[in-house]
Amino acid sequence: MPTNNDLAKLKQLPDATGHFGPYGGRFVSETLVSALQELEQTYEKLWRDPAFQAEFDRDLAHYVGRPSPLYFAERLTAHAGGAKIFLKREDLNHTGAHKVNNTIGQALLAKYTGKPRIIAETGAGQHGVASATVAARLGLKCYVYMGADDVERQKLNVYRMKLLGAEVIPVESGTRTLKDAMNEAMRDWVTNVDDTFYIIGTAAGPHPYPKLVRDFQAVIGREARAQCLEQTGRLPDALVACVGGGSNAIGLFHPFIEDEGVRMIGVEAGGDGVETGRHAAPLTVGRPGVLHGNRTYLMADDAGQIQGTHSVSAGLDYPGVGPEHSWLKDCGRAEYTAATDEEAMDAFRLLTRIEGIMPALESSHAVAHAIKLAKEMDKDQTIVVNLSGRGDKDIHTVAQIDGVEA
Amino acid sequence: MSRVKTAFERLEQQGRKALIPYVTAGDPQPDVTVPLMHAMVEAGADIIELGIPFSDPMADGPTIQLACERALVHNTTIIDVLGMVKTFRETDGETPVVLMGYLNPIEMTGYERFVELAADAGVDGVLTVDLPPEESGEFVRLLNERDMDAIFLLAPTTEESRVAEVCRHGSGYIYYVSVKGVTGSAALDVEEVASKVAMIRSHTDMQVAVGFGIRDAASARAISDVADGAIVGSVLVNQIAALAETPDQIPAAVAAIVKDMRTAMDA
């Protein structure tokens, strides 16, 4: 475990060149370099500007509906029979997930840079919906790239995006999921770089995206920290969040980095089980490499080809992860594990039945692990789980698994 | 002296411009690549850019994405690609071969091991699309130690203030990307390219080759009037795709396109 001084330094990352230790960086083709430099300069200037901060905070309060509650899940706690489980209710945000915190921030950047066209990639469709939403509000044209398989399994969100005026472009190449949507969004950006703002949905990609997405999402952790102190009189003992690209997790974790006693646990998609190879758990069983503009843990074969992933949740179905998670793992400040499809489904049903809260399948991975963890902890200890999104979008998937027409 | 430098010096003496075809190694199947390389040299290619297949070629359009997919059906690895270069070198000790690809296969191989194997195979340069100069220090040093060139891209979006810095890291030649977009995209604007090439030349003594958007003999000729070389990829790869079921015909068919371009450039 790093010392306090190390933790303070860890929290200050990335460095000036966008690195978190050996991870992160800016691995893009030359055409995008100037756009990323411009974005970095714009962001650094605006993020320090009180007027920008005030506008961001105002939007989060009055448009998103923040602060989101920290809810003590009493019956879930009783069920697990150990530590007290609190849910950070990002599912109650406008559009139904944490994704909107980031799209509000990036849309403000787009507004200040004067770019009229927005593109985004999406897996489960939550980031696509959040991007389409802010684009509608600002009167910007929005194009969302989505893997053809995900278009199929997230029909409801596809239609939501269309209603919001966005154009959804199904991506047929590669594995037809989130990674391919991101490839295609990058290709669009390279082609239309002059008039296009690319709203990346997770804390990954080339510098400065991992930093700015984290900064926009860190509102989750700041609120949770204050709410936990207020409700329990002390900091939580553990934080649990699901990790695909890792934006909800880094948003929760980052404000706690210097709180040495607070364990931070990211839960990846274990799919059919990490031992089967059919999963999306690069931090649990992957290795470092370079994809989508950053160096990070990846699922790749010995020849360096990116491997296909599998998860019941489209939002976690991604072979990479944000670079800050890779460094937090190597430093030992955060721990990463995986929950299987089956464990996530069980948690989805359980939370729905005993708390009346239907979590997104992504967030269900975090809930599944929190239940296990709570059993191993004392009753006077607390766990904060990031309930990153609501499960309405997944009803179709769950019904299919149940063999029911929905 | 590197083969790339020798090739450009010879061209300069002859008053000719470089024709640089690109094909993806292993497309549509591994045994086509070496005969294809020889056929392109025979037809007038001065340097060969050989693509290392990658599962996620983010800077490429559909043509080269599909070429990668065809090559990967046969599990064409980076080690296999180096083997093809080695075989090519058995009968061609002169034509420079530049590998072009993405960083992850090189990272997984390990920089030192890759550079060692590439030097041993007779590779002359490496262009890594997603490795800009800022991230390239260690890799470039290792390549240069073994007399291989690190070739970098410049783009229409590259600020003039950055051009000299990119050139300082590179050697061999500069690959100027003629259009904003992916490979195989929009038609190029020759006048615009001419002014950019002139600007680049004011910052470096390196030769400037131009790629993206060259699709026929006329555009190859137009580019060779304003730059030191024309790089042509997607049009050749489309021909390979069309003949994927009859791979024996690929070397001659691709060579015919190369030859047309050569003739137009030398006229």
Side-chain angles (χ1 to χ4, degrees), chain A residues 16-19 22 24-38 171-175 179-196 205-207 286-296 298-308 319-320, chain B residues 52-62 65-66 68-69 71-72 75-81 101-110 114 127-136 152-163 166 174-177 179-183 185-186 212:
Chain A
T17 55
H19 292 85
R26 186 178 280 160
F27 295 88
V28 294
S29 73
E30 178 62 28
T31 308
L32 292 178
V33 169
S34 68
L36 288 163
Q37 286 173 339
E38 183 194 327
V171 177
E172 303 280 354
S173 61
T175 58
K179 121 182 132 65
D180 310 287
M182 196 149 179
N183 289 338
E184 213 53 39
M186 291 261 191
R187 290 178 185 125
D188 180 312
W189 199 29
V190 149
T191 308
N192 301 294
V193 62
D194 290 336
D195 72 345
T196 298
H207 179 62
R287 53 173 134 192
V290 171
L291 179 70
H292 291 153
N294 57 169
R295 182 179 285 119
T296 191
L298 294 177
M299 288 175 55
D301 66 18
D302 291 340
Q305 308 302 341
I306 306 305
Q307 292 173 312
Chain B
I52 303 168
F54 183 49
S55 53
D56 294 79
M58 278 158 291
D60 286 296
Q65 289 173 46
L66 291 170
C68 286
E69 286 181 17
L72 289 174
N75 289 318
T76 307
T77 66
I78 192 167
I79 304 296
D80 296 334
V81 177
Y102 293 80
L103 186 58
N104 200 52
I106 296 174
E107 286 239 339
M108 292 292 169
T109 309
F114 169 78
L127 195 172
T128 317
V129 177
D130 55 351
L131 184 67
E134 289 82 352
E135 302 282 359
S136 73
F152 285 100
L153 301 169
L154 287 174
T157 52
T158 307
E159 306 271 354
E160 183 165 1
S161 58
R162 181 180 158 78
V163 170
V166 174
I174 283 291
Y175 184 137
Y176 178 67
V177 175
V179 292
K180 289 172 202 155
V182 292
T183 49
S185 53
F212 286 38

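In what follows, chains carry the letters A, B, and so on, assigned in the order in which the sequence lines appear, proteins first and then strands, with residues in each chain numbered from 1.
Heavy atoms closer than 4.5 Å to chain B are found in the side chain of A:Gln37, but not in its backbone. A:Pro206 does not touch chain B: none of its heavy atoms, backbone or side chain, sits under 4.5 Å away. Within the 4.5 angstrom heavy-atom criterion, atoms from both the backbone and the side chain of B:Pro57 approach chain A. B:Asn75 does not touch chain A: none of its heavy atoms, backbone or side chain, sits under 4.5 Å away. Neither the backbone nor the side chain of B:Ile106 comes within contact range of chain A; no heavy atom of the residue lies under 4.5 Å from a heavy atom of that chain. With a threshold of 4.5 angstrom between heavy atoms, B:Leu153 approaches chain A through its backbone and through its side chain. Residue A:Asp180 touches chain B through its side chain alone, counting heavy-atom pairs closer than 4.5 Å. Contacts of A:His292 with chain B are made by both backbone and side-chain atoms, with heavy-atom separations under 4.5 Å.
Interatomic distance, CD of B:Gln65 versus CD of A:Glu184, reported as 5.5 Å (0.5 Å rounding).
Under a 3.5 Å cut-off, the side chain of B:Asn104 and the backbone N or O of A:Val290 do form a donor-acceptor pair. Distance alone, capped at 3.5 Å, places no donor-acceptor pair between the B:Glu134 side chain and the A:Gly25 backbone. Remark: the backbone N or O of A:Phe27 is not paired with any side-chain donor or acceptor of B:Asp130 at under 3.5 angstrom. Side chain of A:Thr31 to main chain of B:Ala155: no donor-acceptor pair is present (N/O by atom type, distance under 3.5 Å, no hydrogens or angles). Under the 3.5 Å distance criterion, the side-chain polar atoms of A:Arg26 are left unmatched by any main-chain donor or acceptor of B:Glu135. Between the side chain of B:Ser55 and the main chain of A:Ile306, a donor-acceptor pair closer than 3.5 Å is present.
Residues A:Gln305 and B:Thr76 share a closest heavy-atom pair of NE2-O, 4.4 Å. Of all heavy-atom pairs spanning B:Met108 and A:Ala300, the tightest one is CE-CB, 3.6 Å.
Counting heavy-atom pairs under 4.5 Å between each of A:Leu298, A:Thr175, A:Thr191 and chain B puts A:Thr191 at the top. Ranked by heavy-atom pairs under 4.5 Å with chain A, the list B:Arg162, B:Glu159, B:Glu69 is led by B:Arg162.
Side chain to side chain, B:Thr158 and A:Glu30 meet the donor-acceptor criterion of an N or O pair below 3.5 Å.
Looking at B:Glu107 and A:Arg287, their side chains never come closer than 4.5 Å, going by heavy atoms from C-beta outward. In this structure the side chain of B:Lys180 reaches within 4.5 angstrom of the side chain of A:Asp194, judged on heavy atoms.
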